[in-house]
Amino acid sequence: MTTQTDIPPAETGGERRSWLREHSELGVCALLLALGVLVLTDALTMDVDIAQRGPVGPKTVPIVVGAGLLVIAALLALDVLRGGRGQAEGGEDIDLSEPADWRTVLLLAGVFLGAAVLIEPLGFPIAGALLFWGAAYALGSRRIDRDPLIAAGLSLVTYTVFNNLLGVPLPAGPLMGVL
């Protein structure tokens, strides 16, 4: 004979939400798992000419990274299911009770999009200088006397390192003959 106490209560929507809220880190595990599968799939389906391979081929690093992502996802999921919780961010100099500064976020997004559009016609040195100067302005710097000079110098150094030292070709734009 069964009594009312023998029948487990039906799981309500509130209890399910509470469990999901307590284990929200599982979302990060799912993201890491999906990213690991994507990296491994891409690495294993990579078409590599046998003549280009050395002792360590171009598949090695992506396979190691993909496997590492899968291992980290599994270990994190195990920790979360055993009751592990991430520490809430206290923020060093951030007041978490204040709302987000959407003006700064939108300015930065506009600066990045502008640089992406201008990099081909103007070249990296000019578009990069505008990117660095715009980012400094969006983040609060108003030093018109030095910010453009620092941005131009940083952009030229970045262009030189990538284009000349690392062999990553970047568009020079109108400065093609000069640089």
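This is a predicted model, so every value here is computed, not measured.
The closest side-chain heavy-atom distance from L139 to L108 is below 4.5 Å. By the 4.5 Å heavy-atom criterion applied to side chains, V28 and L76 are counted as neighbours. Looking at V37 and L70, their side chains come closer than 4.5 Å, going by heavy atoms from C-beta outward. Side-chain contact between L26 and L81: present, with at least one pair of heavy atoms (C-beta onward) separated by less than 4.5 Å. Side chains of I126 and P174 form a contact here, defined as non-hydrogen atoms less than 4.5 Å apart. Contact annotation: the side chain of P62 never approaches that of D42 to less than 4.5 Å [non-hydrogen atoms, C-beta and beyond].
Shown are L166, L156, V168; of these, the side-chain contact (heavy atoms from CB on, under 4.5 Å) with V161 is made only by L166. Here the rule is side-chain contact (heavy atoms from CB on, under 4.5 Å) with D147, and of F132, W133, Y137 only W133 fits it. Partner of L69 under the side-chain contact (heavy atoms from CB on, under 4.5 Å) criterion, out of L35, L31, L33: L35 alone.
There is no path of hydrophobic side-chain contacts, each under 4.5 Å, that joins L107 to W102. Using a 4.5 Å cut-off between side-chain heavy atoms of Ile, Leu, Val, Met, Phe, Trp and Tyr, with links allowed through other members, F162 and Y159 fall into the same hydrophobic cluster.
Of the inter-residue distances, the one linking D79 atom CG with I72 atom CD1 reads 13.0 Å to the nearest 0.5 angstrom.
Between the side chain of S155 and the backbone N or O of A151, no donor-acceptor pair lies under 3.5 Å.
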field: Stepwise salt bridge (charged side-chain N to carboxylate O under 4.0 Å, His left out) test for R103 and D101
entry: CA-CA 6 Å; R103 178 184 179 272; D101 183 8; over 6 Å; no
